[in-house]
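Atom set for the values below is all heavy atoms of this structure, side chains included, hydrogens, waters and symmetry mates excluded. Being a predicted model, the structure only gives us computed values, none of them experimental.
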Amino acid sequence: MTNISNVKDRRSAGAAVQPRVSVCLASHNGGKFIREQVESILSELSPMDEVIVCDDCSTDATCSIIMSFNDPRIKLLINNKNIGYVKNFEKALSLAKGKFIFLSDQDDIWVAGKVEKVLAAFQKDHDITLVYHNLESVDAFGKVLHGKFPKYSEGAINSFTFLIRQLFKAQIFGCACCLSRRRLDSLFPFPASVYAHDHWISVWAAVNGRIFFLNDVLAKHRKHDSNLSPEKHLSYKTIFKFRNYLTLQIIIAIYRRVLG
């Protein structure tokens, strides 16, 4: 991996303060939409926050666009070889220093007020490990696509109930998640059976605390032909096998929680 932070290293006594917020963005050939995504993120952050962009060997203008921001909050890292969608997110998360860690795709748009509303939700209960907000689906041109995402009512959900639901269907999408740093070490390493980072993160969050849902739509999730989605690159047989492995992880997590 090569660290090519696009700005001078401004580390000083003041800059050594732990960021309040880290945003972890995994990129790969996202040049078409990534500028709008990053602009919407930066407008939500304070001067001391950080955006960690892990690029997985893009061959388009993705890295040039990121560097053109010339913003000290952005830390761009380029993988020496392609490691895939899940491992790229895992690496970005492992580098985050913030007290609260947002996940980001490379082609969405954050809605104004997202960070403030999400961080306020963490204040409701010290056991909250993950806050999840609702999403609005849009097409490549920003036109709203109705009915593409399930809508959750506001409030915390019983983690045991959540894990049971997760056995049958993935409950959340990573681009609408924010993690608390508390107990983050137990998130790593991702199990080899994980084919979607948000599946494992949701299990981790439910086992280690509570998940809080926000009714607000705080991101526009763009649907287009080039979406990075692990299902597009895996056969149904492989996905079924990985889902079985993930189910085993969930059952083990439930067992440990009941005993605990």
Is it the case that the side chain of [X] and the backbone of [Y] share a donor-acceptor pair, with hydrogens and angles ignored and the cut-off at 3.5 Å?
X      : Y      : answer
Asn134 : Asn215 : yes
Tyr132 : Phe173 : yes
Lys114 : Ile41  : no
Thr62  : Gly31  : yes

Any side-chain donor-acceptor pair under 3.5 Å between [X] and [Y]?
X      : Y      : result
Asp108 : His221 : yes
Lys117 : His133 : no
Asn79  : Asp56  : yes

Distance check, rounded to the nearest 0.5 Å: [X] atom [atom1] versus [Y] atom [atom2]?
X      : Y      : atom1 : atom2 : answer
Arg182 : Asn208 : CZ    : CG    : 8.0 Å
Cys175 : Ile109 : SG    : CD1   : 12.0 Å
Leu93  : Leu179 : CG    : CG    : 6.5 Å
Asp55  : Asn29  : CG    : CG    : 7.5 Å

Under 3.5 Å, which donor-acceptor pairs do the side chains of residues 45-52 form with other protein atoms, sequence neighbours left out?
from, atom 1, to, atom 2, distance (Å)
Ser46, OG, Met48, N, 3.4
Ser46, OG, Asp49, OD1, 3.3
Ser46, OG, Asp49, OD2, 3.1
Asp49, OD1, Arg20, N, 3.4
Asp49, OD1, Val21, N, 3.0
Asp49, OD2, Arg20, NH2, 3.2
Asp49, OD2, Ser46, N, 2.8
Glu50, OE2, Ser22, OG, 2.5
Glu50, OE2, Lys97, N, 2.8

> Does NZ or CZ of Arg35 come closer than 6.0 Å to the centre of the six-membered ring of Phe69, within 45° of the ring's axis?
Replying inline: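 The answer is yes, since Arg35 meets both limits relative to Phe69.
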> With side chains defined as the heavy atoms from C-beta onward, is the minimum distance between Cys177 and Phe102 less than 4.5 Å?
Replying inline: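 Side chain of Cys177 against side chain of Phe102, heavy atoms only: no contact under 4.5 Å found.
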> So do Leu187 and Phe190 actually touch side chain to side chain, heavy atoms under 4.5 Å?
Replying inline: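 In contact.
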>> Check this for me: does any side-chain nitrogen of one of Arg210 and Asp125 sit under 4.0 Å from a carboxylate oxygen of the other?
In response: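 A salt bridge links Arg210 with Asp125.
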> Any salt bridge between Asp139 and Lys223, counting N to O under 4.0 Å?
Replying inline: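 Looking at Asp139 and Lys223, the cut-off is not met.
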>> Would you call the rings of Phe213 and Phe162 parallel, tilted or perpendicular, taking 30° and 60° as the class edges?
In response: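 Ring orientation, 0 to 90° scale: tilted.
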> Under the salt bridge (charged side-chain N to carboxylate O under 4.0 Å, His left out) test, which residues partner Glu136, sequence neighbours left out?
Replying inline: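 Applying salt bridge (charged side-chain N to carboxylate O under 4.0 Å, His left out) to Glu136 gives none.
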